[in-house]
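Remember, predicted model here, so these are calculated numbers, not experimental data. Just so we're on the same page: letters track the sequence lines, and every chain starts at 1.
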Amino acid sequence: MRLVSAENLSKTYLLGEVEVRALREVSFSIEEGSLVSFVGPSGSGKTTLLNLIGCLDRPSGGTISVAGENPAAMSRMEKARFRGDNIGFIFQNFNLIPVLTVYENVEYPLVMVQSVAAAERRRRVGELLDAVGMTEHRDKRPDQLSGGQKQRAAIARALVAGPKLVLADEPTANLDHATAATIMSAMRDMTARLGTTFVFSTHDPRVIGEADVVHTLEDGALVASRKGGE
Amino acid sequence: MGNVFRIGARNLLRYKRRTALTVALIAVGVVFYLVFSAVSGSFKNMMVGNITDSFLGHLQVHRRGYLAAIENLPLHLNMQPGQTKKLEEALLSTEGIEAFSPRLKFGAAFSNFEETTNIRVNGVDPGKEFRTCPLLLSRIVSGSKDPGVLGRGSILVPVLIARGMGVKVGDTVVLVATNRDGSVNGKTFVVAGILESATGPGGRDGYVHIEDAREILRITGEEASEYAVRVARFDRIDAVRDRLEANLSDLKTKDGSPALMANTWQKLSPFSNIARMIDALSFFIRILLITVVLISILSVMIMAVYERVREIGTIAAIGTLPRRILSLFLAEGLLLGVTGAAAGSLVGAAVIAILNAAKIPFAFGQQDNLLLAPVIDGPEMLTTAALVIVVAVVASLQPAWKASRMEPIEALGHV
């Protein structure tokens, strides 16, 4: 079943007085429960594409549908609600809230976005911390964690609200090879366990092999799509 | 909501030194205001109490036109016996009046048989006068302070005249006055006491028994120049004045205007201008406090938003609604305000207690034995704290609004 569907998606923006075409009529679809990778060199449009899928930006042309909804037709508030209910984010720099512990960071979407009851919060946060192997670090602040631990906490935060889709922008860019492999393994494990769809951008060949589907972008255009392992 | 405050508190503790400085600035502002308000308020209350309780009374009733000519003490503008009778009935029936005292005032020549000077004489009923102005007896610096001191044939002489003419308690003096018909009459008195001035070196008011005043002025009826009135509750003085005037409304002049006028101490004493000035100063200090709180919170919150743009982008991206982001920053401003107000109130109360314990003396006019007794009441303290908290929230509104309106994609790309 299709979770994301894009037709002739374009994005143009101004960099000073220069018009930059970040995406050029890109069409693709993403199936539920898959691990999809967008690869390509820096500036190829990966982040722009993830922003459009994540309802953080509006396309300049074409259409995109996420979980059956058209983000272009949503108000700012509706998009925020939609993201909170359907999309999880994993950032290259982890973006954990520095004043909160690991537990509180993971709990944050349930408290501030979804208003889940305390007992249910404890259960879900506990399960996810266990799943990503962060239970023993639950009371640490982000500045007390290694890069891999931060990213595992970020994965737990992205998954805690039960999103259909998790977007990860260069999730292994700041990690060493072994840690990157652990993170990718964690993502695959979550896909298998929860049926969550992971879409990540990367130009790290070490992690591309983990994907079910690999889309290659160059200068804003989708130049190739292939199944993982091919 | 508790989570919003928990996160807000953590965010404030992220920059401990800056938060401490901001809270300290607010607290200093609150302390400054509370101490100023307590000291100036106690000074004002003490002075007002001193003036009203020692000679003025809380209210005075005069015949229309008397007040405008009061410097001349015009006998022809005295209240006539019919008017004083109705006035006393009105005073007795008006709720909130504790005591009243009729006064017959006139200018006279004061002689010790060697020298002569002028004096303003207040003919009073001693019992009524001492109930209406309970501090009058305490102004006697020489002679008995017993309520019976002002019997028939006795006079309380102002210290200014007593010193100037070398008059002592027990001396015989003579008062000579011109009555309403233009004839002159005199009467000898024994000095029963020397009166300290309540307001300064210019006081020339002496006191005699009202029957002696009538005798000198050859007045036979219950005539009076003014009635001094003491109200039961000072804070309800205007309401009492209004009730009294309503009860006097049937006393009219020929042209239909009210024949008798009741005025509060503010209208009668120039000190009311000083009291108003103290109130104005207090108001400006409050404005200063508001400005301090506004600027300090605004600058801190603007910095907080600027430094956390990426963080705001992150929480917005993961679905935090704009109103939740707004509430996060408002909570920080609120916490700063509450902490500053609480710290300032505690320190302010402590400083006021220390000032009271120190028993700092000060002088007012001729009185140099007064003690500074600053008092701040609970409602005043709560109002100040509430004001600080409201201003803190208002000051946080703009930065909080800005944070809530940030586009996540732009905020996440902020460097």
Side-chain angles (χ1 to χ4, degrees), chain A residues 11 13 15 22 47-48 50-52 54-58 75-101 104-116 118 121 141-143 154 157-163 166-167 169, chain B residues 1-20 300-301 303-332 335-336 400-415:
Chain A
K11 179 66 186 179
Y13 58 88
L15 195 64
T47 302
T48 303
L50 254 58
N51 287 339
L52 292 173
C55 310
L56 295 172
D57 206 355
R58 285 174 183 274
S75 68
R76 195 164 174 270
M77 187 82 81
E78 286 168 340
K79 276 199 275 194
R81 281 189 209 282
F82 182 78
R83 286 195 302 270
D85 290 340
N86 296 286
I87 305 173
F89 289 87
I90 299 169
F91 301 94
Q92 183 178 335
N93 294 316
F94 326 118
N95 290 22
L96 296 171
I97 298 169
V99 294
L100 302 182
T101 63
E104 290 164 338
N105 262 288
V106 177
E107 188 190 31
Y108 182 91
L110 302 180
V111 174
M112 298 296 284
V113 180
Q114 291 194 335
S115 301
V116 174
R121 287 204 308 262
R141 298 271 174 94
D143 60 2
R157 180 180 68 181
L159 289 166
V160 77
V166 172
L167 301 173
D169 189 10
Chain B
M1 206 61 195
N3 288 302
V4 169
F5 282 104
R6 181 170 54 94
I7 296 171
R10 296 272 186 87
N11 281 324
L12 289 175
L13 291 174
R14 180 191 312 212
Y15 306 106
K16 290 188 182 71
R17 192 177 299 175
R18 187 165 74 196
T19 301
V300 163
M301 295 310 295
M303 284 290 283
V305 170
Y306 181 77
E307 287 166 350
R308 281 150 53 192
V309 171
R310 280 175 70 88
E311 200 174 305
I312 295 164
T314 303
I315 62 173
I318 65 179
T320 311
L321 294 179
R323 66 165 180 269
R324 269 294 170 96
I325 298 174
L326 183 89
S327 66
L328 266 175
F329 283 89
L330 288 183
E332 288 180 34
L335 286 171
L336 279 174
W401 176 256
K402 188 180 173 187
S404 73
R405 302 304 298 171
M406 277 183 191
E407 285 297 336
I409 187 167
E410 289 168 14
L412 283 167
H414 181 82
V415 180

- Message: Less than 4.5 Å to any heavy atom of chain A: does that hold for the side chain of Arg308(B), its backbone, both, or neither?
- Response: neither
- Query: CZ of Arg323(B): more than 12 outside heavy atoms within 6.0 angstrom?
  - Reply: no
- CG (Leu100(A)) and CG (Asn11(B)) are apart, to the nearest 0.5 Å, by 7.5 Å
- Query: chain B heavy atoms under 4.5 Å from Asp85(A): which part of the residue, side chain, backbone, both or neither?
  - Reply: neither
- Roughly how far, to the nearest 0.5 Å, is the CD1 atom of Ile409(B) from the CG atom of Leu52(A)? 7.5 Å
- For Thr101(A) and Arg10(B), which heavy atoms make the closest approach, and how far apart are they? N-NH1, 4.4 Å
- Item | Lys79(A) side, atom NZ; Glu407(B) side, atom CD - distance, nearest 0.5 Å | 7.0 Å
- Heavy-atom distances under 4.5 Å only: say whether Asn51(A) touches chain B with side chain, backbone, both or neither. side chain
- Note on the structure: Whatever's closer than 4.5 Å to a heavy atom in chain B on Arg141(A) counts as side chain
- Query: Can you tell me how far CD of Glu410(B) sits from CG of Asp57(A), rounded to the nearest 0.5 angstrom?
  - Reply: 8.5 Å
- Query: Which bit of Thr47(A) is near chain B, if near means a heavy-atom gap under 4.5 Å: side chain, backbone, both or neither?
  - Reply: neither
- Message: With chain A as the partner, which of Arg6(B), Glu311(B), Arg405(B) has the greatest number of non-hydrogen pairs under 4.5 Å?
- Response: Arg405(B)
- Task: Find the distance between CD1 (Ile318(B)) and CD1 (Ile97(A)) and round it off to the nearest 0.5 Å.
- Result: 6.0 Å
- Task: Heavy atoms only, distances under 4.5 angstrom: which of Glu104(A), Gln114(A), Arg157(A) has the most pairs with chain B? Name it, please.
- Result: Glu104(A)
- Item | Interface moiety of Ile325(B) toward chain A, non-hydrogen atoms closer than 4.5 Å | neither
- Query: So which part of Tyr108(A) gets closer than 4.5 Å to some heavy atom of chain B, the side chain, the backbone, both or neither?
  - Reply: side chain
- Message: Determine whether a donor-acceptor pair (N or O, by modelled atom type, separation under 3.5 Å) exists between the side chain of Arg81(A) and the backbone of Leu321(B).
- Response: no
- Note: Arg83(A) and Ala317(B) closest approach over all heavy atoms is NE-O, 2.9 Å
- In Å, rounded to the nearest 0.5 Å, how long is the span from CD1 of Ile7(B) to CE of Met112(A)? 4.5 Å
- For the residue pair Pro322(B) and Arg76(A), what are the closest heavy atoms and their distance? CG-NH1, 3.4 Å
